[in-house]
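Take a look at the structure set out below.
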Amino acid sequence: MSDHHPTGIKRWLFTTNHKDIGTMYLWFSFVMFLTGGAMAMVIRAELYQPGLQFVEPAFFNQMTTMHGLIMVFGAVMPSMVGLANWLIPMQIGAPDMALPRMNNWSFWILPFAFTMLLSSLFMEGGAPNFGWTFYAPLSTTYAPPSTDFFIFGVHMMGISSIMGAINVIVTVFNMRAPGMTLMKMPLFVWTWLITAFLLIMVMPVLAGAVTMMLTDRHFGTSFFDAAGGGDPVMFQHIFWFFGHPEVYIMILPAFGVVSEIIPAFSRKKLFGYSSMVYATASIALLSFIVWAHHMFATGMPVAGELFFMIATMLIAVPTGVKIFNWVATMWQGSLTFETPMLFSISFVILFTIGGFSGVMLAMAPVDFQYHDTYFVVAHFHYVLFPGAIFGTTAAVYFWLPKWTGKMYNETLGKIHFWMSMVFVNLTFFPMHFSGLAGMPRRIPDYNMMFAEFNMWASIGAFGLGLTQIFFLVTIIMAIRNGKKAEDKQWDGATGLEWDALPSPVPYHTFATPPKVD
């Protein structure tokens, strides 16, 4: 073996191959997904019945904090970066990512960041207990000593994300094959390019917030301490200026995935390609002017409430354009319903339900009723689980034959889909009702009137957890024993099976990409 093809542990530690790094990101994100899911199981076990059964309220709060942080920064974001690493060079005809050593570094930062975060569970005072939004003064004045490890962990995640985003931008602008203009790029590449700009703009804002937390805790500043002339509400403004674009960072690449898969199984080109690009860019821009819809209950002026309410409802327009285009792509197409298509269709349906509840939350007068209830939990889980998680799952099923040369078992894939579909709705749909009836979130005990909704949600959550183990088994079986993937894997497809758009580069040449002058 030459130095260019090291084997074993050296291959994974020092690799600069975009495919190896993409694989590591995807496996890491799945490990974090199961870790964060285990924490959700603790939460749902405690909420199965009213009263306190299994854990202390303090530990319950630690679980809600760690579950949120791990799912957002450890599961969803690395899975999207993994897909970017695998697919972007292939889809633009590039030999690799533009900055391969930085690519390797951006991955290896993550295991250390999350080890630091998870180690806080074993420290004096336990893990941070202030929720994934870490509002001051809970996170500055009253937080446990382990908060400092949380702060450094968040900094490291942010550095990793910024490096990944720089890599995507440089690759897309500098390494496209001759003849591939921006408006000929596959939709997945477009969504990731826009996502990368979002990451570079908002990650430093998060870094600023946690740095101010650190100085408030240890260096005598009072950014968020009213007694010293600071403002705790300012923390919320800074956090949500990062936090709302972050939601779109998690969902936009999934939009790109679905925009590739639906045309392939509809045997049609994507309807309204350019409008999809402009809609994605519009969503990204609008995401910067809606942050305070998370803060209607803090007492802002009526003019501020009106502005953020109208701006938030405006986001429904480009989102509606995308949903219309997906449906129009399927309209009168020769549809087949293999596993990736099933996940993509359910993505469109369930994400739309999440969008409807988002429009409800956007209205300031009614948000006073919904705020801090399980209705909000239902809303963002309907956006993120069928959105980001179903999107990634669809991508894995769709491109696995391309990645490994092996085909998964279609029957097992469909069983996984239907189990996921049933349990996602069983888990999160009842939360709409308990939230509208006034059940507060992040509290381990509740009134008897919510008992039945919580029982069904907990049953659904445990079913959903077992379903992901089934997914793991299905993928491992495919990699180890799957039948060899054909050149045209999806039977009857029209040459669109790996990408939704024609390009000047024949797709079978991706193994040996064209030279770019």
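Only heavy atoms go into these numbers, but all of them, side chains included; no hydrogens, no water, no symmetry mates.
Under a 3.5 Å cut-off, the side chain of Asn167 and the backbone N or O of Met102 do not form any donor-acceptor pair. The main-chain N or O of Ala328 is found under 3.5 Å from a side-chain atom of Lys268 such that the two form a donor-acceptor pair. Of the possible donor and acceptor atoms, none in the side chain of Thr147 sits under 3.5 Å from a partner among the backbone N and O of Ala143. Judged purely by atom type and a 3.5 angstrom limit, Arg176 uses its side chain to pair as donor or acceptor with the backbone of Val172. Between the side chain of Gln62 and the main chain of Ala127, a donor-acceptor pair closer than 3.5 Å is present. At least one donor-acceptor pair under 3.5 Å links the side chain of Trp192 to the backbone N or O of Met80. Side-chain atoms of Thr15 come within 3.5 Å of backbone atoms of Asn17 as a donor-acceptor pair (strictly under, hydrogens ignored). Judged by distance alone, with hydrogens and angles left aside, the side-chain atoms of Ser287 form no donor-acceptor pair with the main-chain N or O of Pro245 at under 3.5 Å. Looking at Glu260, its side chain does come within 3.5 Å of a backbone N or O of Leu187 through a donor-acceptor pair. The main-chain N or O of Ala136 is never found under 3.5 Å from a side-chain atom of Thr140 such that the two would form a donor-acceptor pair.
His237 approaches Ala292 most closely through the heavy-atom pair CE1-CB, 4.5 Å. A pairwise comparison of heavy atoms in Ala84 and Val168 identifies CB-CG2, 4.4 Å as the closest pair. Scanning both residues, Ser344 and Ile261, for their nearest heavy atoms gives OG-CG2, 3.3 Å. Considering all non-hydrogen atoms of both residues, Tyr273 and Met185 come closest at OH-O, 2.5 Å. For the pair Ser79 and Leu26, the tightest heavy-atom approach, listed with the atom from each and the gap, is O-CD2, 3.6 Å. Nearest heavy-atom pair across Met24 and Phe107 is O-CE1, 3.4 Å.
For the pair Phe224/Tyr135, no side-chain contact is recorded, criterion being any heavy-atom separation below 4.5 Å from C-beta on. Side-chain contact between Ile262 and Phe271 is absent, with no heavy atoms from C-beta onward closer than 4.5 Å. Within the 4.5 Å cutoff, the side chain of Val76 has no heavy atoms near those of the Ser29 side chain. No side-chain heavy atom of Val257 sits under 4.5 Å from any side-chain heavy atom of Phe343. In this structure, the side chains of Trp108 and Leu13 come closer than 4.5 Å at one or more pairs of heavy atoms. Side-chain contact between Thr352 and Thr319 is absent, with no heavy atoms from C-beta onward closer than 4.5 Å. Between Leu193 and Phe173, the closest side-chain pair of non-hydrogen atoms falls below 4.5 Å. Inter-residue side-chain proximity for His381 and Val377 is flagged as met; some heavy-atom pair is nearer than 4.5 Å.
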Check the pair Asn325, Leu270 against side chain to side chain contact (heavy atoms under 4.5 Å, CB included), reporting the backbone distance first and the verdict last.
CA-CA 8 Å; Asn325 284 5; Leu270 181 72; 5.5 Å; no
Ile251 and Tyr248: CA distance, side-chain angles, deciding distance, side chain to side chain contact (heavy atoms under 4.5 Å, CB included) verdict
CA-CA 5 Å; Ile251 201 69; Tyr248 291 99; 3.9 Å; yes
Start with the C-alpha gap between Thr221 and Thr215, add the side-chain angles, then the distance that decides, and say whether side chain to side chain donor-acceptor pair (under 3.5 Å) holds.
CA-CA 6 Å; Thr221 59; Thr215 59; 3.0 Å; yes
After noting the C-alpha distance and the side-chain angles of Phe188 and Ser259, does the key distance pass the side chain to side chain contact (heavy atoms under 4.5 Å, CB included) rule?
CA-CA 7 Å; Phe188 178 79; Ser259 301; over 6 Å; no
Quick one, Ser420 with Gln468, criterion side chain to side chain contact (heavy atoms under 4.5 Å, CB included). Give me CA distance, side-chain angles, the key distance, then yes/no.
CA-CA 8 Å; Ser420 297; Gln468 305 323 309; 4.1 Å; yes
Quick one: do Phe351 and Phe255 satisfy ring pair (Phe, Tyr, Trp, His ring centres under 6.0 Å)? Show the steps, please.
CA-CA 10 Å; Phe351 180 81; Phe255 285 172; 5.2 Å; yes
Residues Phe347, Trp326; criterion ring pair (Phe, Tyr, Trp, His ring centres under 6.0 Å); working and verdict:
CA-CA 11 Å; Phe347 169 101; Trp326 289 323; 5.8 Å; yes
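Residue pairs meeting the salt bridge (Lys or Arg N to Asp or Glu O under 4.0 Å) criterion with at least one member in residues 245-257, sequence neighbours excluded, do not occur.
Considering Asn85, Thr16, Ile21 in turn, Asn85 is the only one that fulfils the side-chain contact (heavy atoms from CB on, under 4.5 Å) rule with Met97.
From Phe428, atom CZ reaches atom CG of Leu384 across 9.5 Å, with rounding to the nearest 0.5 Å. Rounded to the nearest 0.5 angstrom, Leu198 CG and Leu285 CG are separated by 8.5 Å. Taking CZ of Phe152 as the reference point, atom CE of Met116 lies at 7.5 Å (rounded to 0.5 Å). Atom-to-atom distance recorded for Phe417:CZ and Thr393:OG1 is 11.0 Å, nearest 0.5 angstrom. In this structure, the separation between CG on Asn129 and OG on Ser120 is 10.5 Å, given to the nearest 0.5 Å. The distance from the CG atom of Leu87 to the NZ atom of Lys402 is 10.0 Å, given to the nearest 0.5 Å.
In summary, the aromatic rings of Phe28 and Phe114 are positioned with their centroids under 6.0 Å apart. Checked against the 6.0 Å centroid criterion, the rings of Tyr408 and Phe398 do not qualify as a close aromatic pair. In summary, the aromatic rings of Phe288 and Phe241 are positioned with their centroids under 6.0 Å apart. For His293 and Phe308, the distance between ring centers is not under 6.0 angstrom.
For Thr23 and Trp403, the side-chain atoms include no donor-acceptor pair closer than 3.5 Å. For the 3.5 Å distance criterion, the side chains of Asp148 and His218 qualify, holding a donor opposite an acceptor. Using modelled atom types, one finds no donor on one side chain facing an acceptor on the other under 3.5 Å when comparing His18 with Thr171. No hydrogens or angles considered: a donor-acceptor pair under 3.5 Å links the side chains of Tyr25 and Ser106.
Between His244 and His294, the ring planes are tilted. Angles from 30° to 60° get that label. By the 30° and 60° cut-offs, the orientation of the rings of Phe239 relative to Phe242 is perpendicular.
With sequence neighbours left out, Phe471 forms a ring-ring contact (aromatic ring centres under 6.0 Å, His included) with Phe30, Tyr397, His416.
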Show the atom names and distances, to 0.1 Å, of all donor-acceptor pairs under 3.5 Å that link a side chain in residues 277-284 to residues at least two apart or in another chain.
unit_1	atom_1	unit_2	atom_2	d
Thr280	OG1	Met276	O	2.7
Thr280	OG1	Lys322	NZ	2.6
Ser282	OG	Tyr278	O	2.7

